[in-house]
Each structure stands twice: as structure tokens, then as C-alpha cells.
J.: 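Following this message is one structure expressed as C-alpha cells.
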Amino acid sequence: MVSLRDEIKLLAVKNALQHGGRASPKAVLGKVYAIFPEAREDPNAIRALVEEVVGEVNRMSPEEMERFLEESGECLQKEKRESPSPVLPPLEGAVEGGVVLRFAPGPSGPLHLGHSRAAILNDEYAKLYQGRFILRLEDTNPRRIDPDAYDMILEDLLWLGVEVHKMYIQSERMEIYYQVARELIGRGAAYVCTCPAEEWRKLKLKGTPCPHRERPVEVQMEEWEKMLEGVYCENEATLVVKTDLTHPNPAVRDFPALRIVDVPHPRVGDRYRVYPLYNFSVAVDDHLMGCTHILRGKDHLNNTLRQEYVYKHMGWPLPIFIHYGLVSIPDVQLKTSTIREEIEKGNYSGWDDVRLGTLRALKRRGFRPEAIRQFWVEVGVKPVDITVSFQNLYSINRTLIDDVANRYFFVERPKEAFLYHDRPLRSTAPLHPQHLERGRREYYLKPSPLPGGEGSVIYLSGRTVDTLIPPTIFRLKDLTNAELVGEERGIIYLKALPGDAQGMRGKIYEWCPPNSLPMTIYMPDGEVKRGLVEPLIEKEMGEVVQFERFGFARIERSEGGLIGYFTHP
């Protein structure tokens, strides 16, 4: 049984390691009173015991203290030096209060980890220069819209801590796009092409003008109106922006700006049938919304060259374009269309299925939005391509949740064990080893009749049992030393041993008391782990806890019992 002396020794060792190898009796005594208020009933005896134990600890070497903590299953969180927060490089041409940036996702689903990079970098710069952050929902492809995504994206940004100063929805700006299209036609900078798409692409690759390219402005305008009026069907006519047909990069040569889509739009119905394509609507919106800087990945380099032609044709000043390197995040599903298909098939439970890389899934697992923000700021806006591991994000998040996550035992694949003891056993351990003020997890095991003697029923992990071979002596963490007596019909027989449990060397195993609760833990790789948890965990609903020697998990309650969503090791 863990005695008061054991507890004092543990406190003294921690205090000594934190203060150059010398424990302070006064400091240790204060901790004892905070954890065991009943000790104040006999202060002289407690003071004498603390001084005796502290003297014993101060005669130990640092190596002996570290070994004692390790054998006790405790870890001393070494004092961490505050490292400077990562800082983004200055924005070229940025003026305090004059910076306008935008984040422009398509509402085809909620945001995932990849989307959060652009959202966070733009938000960070907007805050750095006291500028404005614009959210623009690019919904001009009626076939790729999830009506729920409009709200989900806003919810995701709110969770990330992104401050949106103004929001625009492109489907509400159609008349603006039509007006700019007419202006381009009037300037001789755009034409209506009725060639089959494949034929037009072949001409473009050769640098040969489409036969409709140089028709008079009046004819182009008439053709444009025919597109709007329904004379042409889908794929029969497209408005094209003129660029340079001799450009060495075929991708930059003339590009389609608006096309016919004969599908009702989830927001505006069948009010419109001609919708802008990406490079046209983005150039128009970035200018009219006053964007000063455009931050995006290197995969948009060709798009930038196309969009610059719209600016030049219209006589608009160019914003500053910043293209950062691409980031690959292996082993996680980020593709929205694939996720939707799998949800519809029933292979994923929803957008917050913990196997996914959506922000909703990460939130459900217990990630802190600050971790995601720091993750992307550390990656920064450098032009080099990199591959990052989820381990990088785990490391950042661990530093944020370790201090707040209380500790508990989770026993996977539980096996029933008869623990024989002839006197009460008391298990006591702090909810958090660095925050003793939070209280303790305490369980009392009173001897009850068992076949062949008296004792208690406890539960061990199936993995633990698989490694036990009689006669084995080990420690049940925070409870007692024990000896494996045998196994029969699936029941493990143990005998509690007298002595100093904290001081025993050997294997240390987690366990659960008789009134433990069933728990199902969902892992990000799809594995489902089932077992038992301590009953005190019921007060942790919605919180992240650390299951000792297992990892962090966020706890919820469902109709079927307690559920844990694995955060990370």
C-alpha cells in the first residue's frame, strides 16, 4: 500500500530535482498540507516525518533521484525556457493599416488542414499590419457546392481564431462580372468562341488564333448577349480573354473567362446560366475588393500570369503576389470530393470522422487551434516545397495540452484479476503531477471474499497479461507491489506484497478498480480500441485527458457509453 511516507518522498525528490538536488522541508511540508489537509491535525508529527524524509532524499545522488522517479512511473517536467514565437517575414510594400488580404475557399465542404494554411497566414499578416481580412466564398460552379459549407467554413474560421472583417459570396456578384465582361469585349480584349473545346485547345497549343478571335466588337457583343439569353447551350459558347498567343507557356495563352452552366445554383437557382471561371472572377474581385497582397501557393503561378492580363486590359494596378512553396502532408485524407463520396457510402461517419484531416476532425480529437496556427507560421511563406509529418503538429499541440490534461488509466482488452490482500489498500495519485492543487485520484480497496481468500477484483490490460509469466513480481501503479500467482479460466490471480511500492524496481502496470467504466477509443488510423477507464473520468466530458502510457484523447459520452477520440501520443 502506498503510504504517506511514500507520498512525501515523491514530493521531496521532485522538489530536490527542481532546486539543484536539495529539497526544502518547508516547501515539501506546504505541498503535503495542500494534498492531505487532514495532516494538519498532528502538525508536529508531520513536520518531523517531512524533515526525516527530506534528509534521506538530500543524501541521494541526482541519478538515484531520477531512477526513483522513473521507477515510480512519474516524470518531472523540466523547466522549459520560453522560445521566441515564430515570426513571419515582413510583407513587401506593406503599410500599417493599409493591408488588405483575402482567403477564398470554394463552399464544396468544410475546411481541412491544407485550407487552414492560407487562412492563418493571411490572418496573421492582417493582424500584424492592423489591416483587413476578407473572406470570399467562390461558388460559381453550381455542380461543386455543398449548401451546408457556407456556414461550416465560417464556423471553422471562428474556431481557428481568424478575424473576418468582410465577407463576399461570388454568386451574389454576377452582375458585376457581366459588366466587366462587357468592358473587356468593348476594349477588344475578349471574344466569344463557339469552337468545340478540343479544337480550341489544339489551336491554342499551336499559337494559332481561333477563327472567332478577331471578329468586330459589335459581333462579339451580340454573341455575348446570345450566351446570356439562352441561344447557346452548355459547351456551345465561351467568353475568352485575349492574352499573347506567342507566349512560350501555352497555359498562359488565351484563357476562358465565362461559360454556360445549365444547372440550378443552390443559392440563386436558375437566375443565371453564365458563370465566371476562376481566373476571371478572382482578378475582378481582388481588384474591386482592394486586395493589396495575394498570398497563395506556387501552383498558382500560371494563374497569376493569366490574371495579370485582366488587370492590364482594364488598366488596374497590380497587387503584390507572393507564392509560397507547396506542402505535402502524407497519410491523411484531405480531398473534399473523395471525403464526400465516402461519407455518402457510409465509410466515414461525417466530416468530423477522426480519420480525416478536416478541421472538424482535428477539433473533435482535441487539437488546439493555436497549435495549427503555430504550425503554419513555422512553415511560413518560403518558396521551397516541403513535406511535413503530422508528428510536427503533434509536437506543437502536445506542449499546449500537456499542462491542462489530467492523467488517468485506460486498460485495453481488460482481463479480470483477483488481487488477494488481507488489509485495505489505498491508491492515490495526483490528477496532474505538476498541478497538485487540482486534487487526486483516490480509490480504496477493502478485502472482500474471493475464491481461496480475501481481496479485490481489479482489471489489467490484455497486453499486460500477455507478458506475465509466474512467478513475476511487479508494481500496480500507485497501489501496491504484487506477485503473479497464476491464471485459471481467464482469471489472473495476484497477491499483494508488503513494502514500499514506490521504491520497488521492475515492471509497472496500469490497472482499473472494480467500478470502472467501459470506454471505446477511436484511433485516426481507423482502429477501435476497447477497454475500461477509471470512474473519476466522468467529470472530464468534452476535455482532453492523458491516458498514462497510451496517449492523449478527448472524452465524450454517447448512448453506448464513454467514447474517446485519440489525439496523439
J.: Please step through side chain to side chain contact (heavy atoms under 4.5 Å, CB included) for the pair V240 and C210, ending with a clear verdict.
T.: CA-CA 10 Å; V240 179; C210 158; over 6 Å; no
J.: Looking only at non-hydrogen atoms, find the nearest pair between F410 and M519 and report the distance.
T.: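 What the structure gives for the nearest pair is CE1-CG, 3.9 Å.
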J.: How would you list, by chain and number, every residue that makes a side chain to side chain contact (heavy atoms under 4.5 Å, CB included) with A237, sequence neighbours excluded?
T.: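 Residues passing side chain to side chain contact (heavy atoms under 4.5 Å, CB included) with A237: V192, T194, M227, Y232, I260.
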J.: With no hydrogens and no angle check, is any side-chain donor or acceptor of R271 less than 3.5 Å from a backbone partner on P264?
T.: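 No.
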J.: Return yes if some donor-acceptor pair links the side-chain N/O of R253 with the main-chain N/O of H247 below 3.5 Å, else return no.
T.: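 Indeed, once roles are kept as given, a pair shorter than 3.5 Å links the two residues.
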J.: List the residues meeting side-chain hydrogen bond (donor to acceptor under 3.5 Å, both in side chains) with R143, not counting sequence neighbours, and say none if there are none.
T.: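 R143 satisfies side-chain hydrogen bond (donor to acceptor under 3.5 Å, both in side chains) with E234 only.
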J.: Can you tell me how far OH of Y272 sits from CZ of R267, rounded to the nearest 0.5 angstrom?
T.: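 So the CZ of R267 and the OH of Y272 are separated by 12.0 Å.
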J.: Donor-acceptor pair, R365 side chain versus F566 backbone, under 3.5 Å?
T.: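 Yes; judged by distance alone, with no hydrogens or angles, the pair exists.
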J.: Does K345 pair with E342 as a salt bridge, N-O distance under 4.0 Å?
T.: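 Salt bridge flag = yes for E342 with K345.
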J.: Which pair of non-hydrogen atoms, one from G350 and one from L356, has the smallest distance, and what is that distance?
T.: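 Minimum heavy-atom contact is O-CD1, 3.5 Å.
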J.: So, does D254 use its side chain to make a donor-acceptor pair with the main chain of K242 at under 3.5 Å?
T.: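 Here the side-chain-to-backbone pair does not exist.
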J.: Under 4.0 Å between a Lys/Arg side-chain N and an Asp/Glu carboxylate O for D286 and R136?
T.: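 Salt bridge flag = yes for R136 with D286.
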J.: Run the salt-bridge test on R182 and E225 with the 4.0 Å N-O cut-off and return the result as yes or no.
T.: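 Counted as a salt bridge, because a side-chain N and a carboxylate O are separated by less than 4.0 Å.
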J.: Restricting to pairs with a member in residues 142-177, which pass ring-ring contact (aromatic ring centres under 6.0 Å, His included), not counting sequence neighbours?
T.: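 Not a single pair qualifies under ring-ring contact (aromatic ring centres under 6.0 Å, His included).
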J.: With side-chain contact (heavy atoms from CB on, under 4.5 Å) as the test, pick out the partner of L562 among E556, R557, E540.
T.: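 Passing option: R557.
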J.: What verdict does the side chain to side chain contact (heavy atoms under 4.5 Å, CB included) test give for L128 and L91, after you've listed the backbone C-alpha separation in whole Å, the side-chain angles of each residue and the deciding distance to 0.1 Å?
T.: CA-CA 10 Å; L128 179 64; L91 274 181; over 6 Å; no
J.: Hey, can you tell me if H265 and Y275 have their rings parallel, tilted or perpendicular (30° and 60° cut-offs)?
T.: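 Ring orientation, 0 to 90° scale: parallel.
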J.: So, R213 side chain and T208 main chain: donor-acceptor pair closer than 3.5 Å or not?
T.: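 Not confirmed, R213 side chain does not pair with T208 backbone.
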J.: Closest heavy-atom contact between N302 and A251?
T.: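 Smallest interatomic distance, heavy atoms only, reads ND2-CB, 3.9 Å.
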J.: Going by atom types alone, do S281 and R173 pair a side-chain donor with an acceptor below 3.5 Å?
T.: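 Note: S281 and R173 side chains miss the donor-acceptor criterion.
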J.: What's the spacing between L362 CG and L111 CG if we round to 0.5 Å?
T.: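 Rounded to the nearest 0.5 Å, the CG-CG separation comes to 11.5 Å.
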J.: Tell me the closest heavy-atom pair linking T567 and Y394, and the distance in Å.
T.: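 Distance-wise, the nearest heavy atoms are O-CE2, 4.0 Å.
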J.: Classify the side-chain pair D139/Q170 by whether it contains a donor and acceptor separated by less than 3.5 Å.
T.: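 No, no side-chain donor-acceptor contact under 3.5 Å.
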J.: Salt bridge (Lys or Arg N to Asp or Glu O under 4.0 Å) with E370: which residues, sequence neighbours excluded?
T.: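 If we apply the salt bridge (Lys or Arg N to Asp or Glu O under 4.0 Å) test to E370, skipping adjacent residues, the hits are R368.
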J.: Going by the rule side chain to side chain contact (heavy atoms under 4.5 Å, CB included), which residues pair with P266 if we only count those two or more places apart in sequence or in a different chain?
T.: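 Expected list: I145, P147.
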J.: Side chains of S395 and N392: closer than 4.5 Å at any heavy-atom pair?
T.: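 Sidechains of N392 and S395: no contact.
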J.: Keeping R407 on the side-chain end and A405 on the backbone end, is there a donor-acceptor pair under 3.5 Å?
T.: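 Yes, the answer is positive, given that a donor and an acceptor are paired below the 3.5 Å cut-off.
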J.: Mind jotting down which residue pairs meet the ring-ring contact (aromatic ring centres under 6.0 Å, His included) criterion with at least one end in residues 283-309? Sequence neighbours excluded, please.
T.: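 Passing the test, one end in residues 283-309: Y278-H300, H287-W316.
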J.: Quick check: closest heavy atoms across V217 and G186, and the distance to 0.1 Å?
T.: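 Closest pair (atom of V217, atom of G186, distance): CG1-CA, 3.9 Å.
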J.: Distance only, no hydrogens: is a donor on one side chain within 3.5 Å (strictly under) of an acceptor on the other, for H432 and D403?
T.: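 Not at all, the side chains of H432 and D403 share no donor-acceptor pair under 3.5 Å.
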J.: Among residues at least two apart in sequence or on other chains, which ones pass salt bridge (Lys or Arg N to Asp or Glu O under 4.0 Å) with E222?
T.: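 With sequence neighbours excluded, E222 shows a salt bridge (Lys or Arg N to Asp or Glu O under 4.0 Å) to no residue whatsoever.
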J.: At their closest point, which heavy atom of E124 faces which heavy atom of L88, and how far apart are they?
T.: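 In this case the closest contact between E124 and L88 is CB-CD1, 3.6 Å.
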J.: With a cut-off of 6.0 Å (strictly less than), are more than 12 heavy atoms of other residues, nucleotides or ligands near NZ of K204?
T.: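 Counting other residues, nucleotides and ligands, NZ of K204 exceeds 12 neighbours.
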J.: For K298, what residues pass the salt bridge (Lys or Arg N to Asp or Glu O under 4.0 Å) criterion, not counting sequence neighbours?
T.: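 Partners of K298 by the salt bridge (Lys or Arg N to Asp or Glu O under 4.0 Å) criterion, ordered by chain and then number, come out as D385.
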J.: Extract all donor-acceptor atom pairs below 3.5 Å that involve side chains of residues 327-339 and protein atoms in other chains or at least two apart in sequence.
T.:
unit_1, atom_1, unit_2, atom_2, d
Q333, OE1, K335, N, 3.0

J.: Is there any ring-ring contact (aromatic ring centres under 6.0 Å, His included) pair reaching into residues 110-130, and which pairs are they, with sequence neighbours excluded?
T.: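 As it turns out, the ring-ring contact (aromatic ring centres under 6.0 Å, His included) pairs with a partner in residues 110-130, which skip direct neighbours, are H112-H115.
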J.: Answer yes or no: is there an ion pair linking R144 with E138, defined by an N-O contact shorter than 4.0 Å?
T.: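 Salt bridge: no.
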J.: Tell me, please, which residues at least two apart from K127 pass salt bridge (Lys or Arg N to Asp or Glu O under 4.0 Å).
T.: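 Partners of K127 under the salt bridge (Lys or Arg N to Asp or Glu O under 4.0 Å) test: D123.
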J.: Given K363 and T358, is the side chain to side chain contact (heavy atoms under 4.5 Å, CB included) satisfied, shown in steps?
T.: CA-CA 9 Å; K363 178 181 178 182; T358 61; over 6 Å; no
J.: Where do D402 and F552 land on the side chain to side chain contact (heavy atoms under 4.5 Å, CB included) test, with the steps shown first?
T.: CA-CA 9 Å; D402 182 74; F552 295 91; 3.7 Å; yes
J.: By the side-chain hydrogen bond (donor to acceptor under 3.5 Å, both in side chains) test, which pairs, at least two apart or in different chains, include something from residues 522-531?
T.: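 Those involving residues 522-531 are E412-K529, E527-K529.
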